[in-house]
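Read through the structure below, which is laid out as structure tokens, and then see the notes.
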There are 2 protein chains.
Amino acid sequence: MTINQDTFTGEFSFTIDAKGRVNIPAKFRQSLAPENDQTFVITRGMDPCIWVYPLTAWQIIEDDLKDLSAISGINRSFIRNTVRYASSVTFDKQGRIMLSTNLLEYSHLKKDALIIGMVNKIEIWDPSILAKVDQQNLKMDSSEYDELADKIIL
Amino acid sequence: MTINQDTFTGEFSFTIDAKGRVNIPAKFRQSLAPENDQTFVITRGMDPCIWVYPLTAWQIIEDDLKDLSAISGINRSFIRNTVRYASSVTFDKQGRIMLSTNLLEYSHLKKDALIIGMVNKIEIWDPSILAKVDQQNLKMDSSEYDELADKIIL
DNA sequence: ATAGCTTACCCACTATTACCCATAATATAT
DNA sequence: ATATATTATGGGTAATAGTGGGTAAGCTAT
């Protein structure tokens, strides 16, 4: 069965060990295209979570960043803040990646991690933080949410 | 593991020792293409920080400068100010480079250094200076920043 | 030339990381 | 069901990374 390469769906619970390692769900590892050399790029999400990109997807972002002129200060700030927290990680023989303390603190992750497929990327959340953020978004923009559902859900 | 050569991402904290040496993060040293002969070119950044180029990337800049006509005074000034503060540095067996007092003063670096991958170059910042500059840029042009994010982030 | 300073090269220590093996639980196959 | 493979998790250890410092060679200026 050939699952769509580099697309991720579903939710998985994992534990972060004392060394800061988490397992990437086997399903996600298998749908990672071979060109990625078993490596992801992890970085800060726009929400307080960790974003995980297939290497090749991240390289597209990098290529776009290279095209931005360095003359503009705002461009430089944007490149810095986009790239700053990103690091490429290859998973070990057990399928785990290492998370930096920086990213762990940013996402408030401690022991339990919720790993969620977001189609073209993966998110790693602390369960309680996710609940809070989602609840807040829905409270603020529930009508917008419904419009989206109306447009997209079959 | 074949990471993109001569591209740098991520943030690293280092200390500048009494002799003015800083370590180049191992990850950056490894992604430096062999043609560079373990040497970078360091110079003043457009922000108050140090810019670090792979040698071959800097040589492209020099080639472009050669093509500028020397008839024009503005050309001569541009060439002068671009090249003036640049010097090539090879890292030692421990992976460190030496920073000139000139560059240290320009970037207000004292003991702590934040080394940031900027895709095709590297920046060395004093942490407190970086915070100030970034904050100022974002305050001034936050809408421009959001536009960039919308265009580039996957 | 020589004193004084700077630079390049060498060695040493410590903490972190990468790599390996082990186990328990789950899934797959015969 | 029983055997076999695959997952998720824990932990040990050797290699590496980052940091500090010593010393000899090279410059600079008198």
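Letters A, B, ... mirror the listed sequences (proteins, then strands); counts begin at 1.
When heavy atoms are screened at a 4.0 angstrom cut-off, B:N23 is found touching base atoms of the nucleic acid.
Looking at A:N81, its side chain does come within 3.5 Å of a backbone N or O of A:S77 through a donor-acceptor pair. For the pair A:R80 (side chain) and B:I116 (backbone), a donor-acceptor distance under 3.5 Å is absent. Although no hydrogens or angles enter the test, the distance criterion places a donor-acceptor pair under 3.5 Å between the side chain of B:D17 and the main chain of B:K19.
Rounded to 10 degrees, the angle between the two end axes of the helix from C:dA1-D:dT30 to C:dT30-D:dA1 is 40°, with five pairs used at each end.
Atom P of nucleotide D:dA8 and atom CD1 of A:I97 are separated by 13 Å, given to the nearest angstrom. When the C1' atom of D:dT16 is taken as reference, atom CZ of B:R29 falls 10 Å away, rounded to whole Å. Distance B:I24 CD1 to D:dT19 P: 12 Å, rounded to the nearest Å. Rounded to whole Å, atom P of C:dT28 lies 10 Å from atom CD of A:Q30. In this entry the distance linking CZ of A:F28 with P of D:dT7 reads 14 Å, nearest Å. The nearest whole Å value for the distance from the CG atom in A:N102 to the P atom in C:dT17 is 12 Å. The nearest whole Å value for the distance from the CD1 atom in B:I16 to the C1' atom in D:dG20 is 15 Å. The separation between A:D112 atom CG and D:dA8 atom P is 15 Å, rounded to whole Å.
The structure places CZ of A:R76 at 6.0 Å from CE of B:M46, a figure rounded to the nearest 0.5 Å. Taken from NE2 in A:H108 to NZ in A:K132, the straight-line distance is 8.0 Å, to the nearest 0.5 Å.
Look at B:S13 and you won't find any side-chain N or O under 4.0 angstrom from OP1 or OP2 of D:dG18.
Looking only at atom types and distance, the side chain of A:N137 has no donor-acceptor partner in the side chain of A:D47 under 3.5 Å away.
Between A:F40 and A:F91, the ring-plane angle classifies as tilted under the 30° and 60° cut-offs. Classified by interplanar angle (parallel below 30°, tilted 30° to 60°, perpendicular above 60°), the ring pair B:W58/B:Y53 is tilted.
Apart from B:M98 itself, the hydrophobic cluster it occupies contains nothing, where clustering links Ile, Leu, Val, Met, Phe, Trp and Tyr at side-chain heavy-atom distances under 4.5 Å.
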How does protein contact run along nucleotides 18-25 of chain C, one letter per nucleotide 5' to 3', with B for base contact, S for sugar-phosphate only, - for none, heavy atoms under 4.0 Å?
BBBBB---

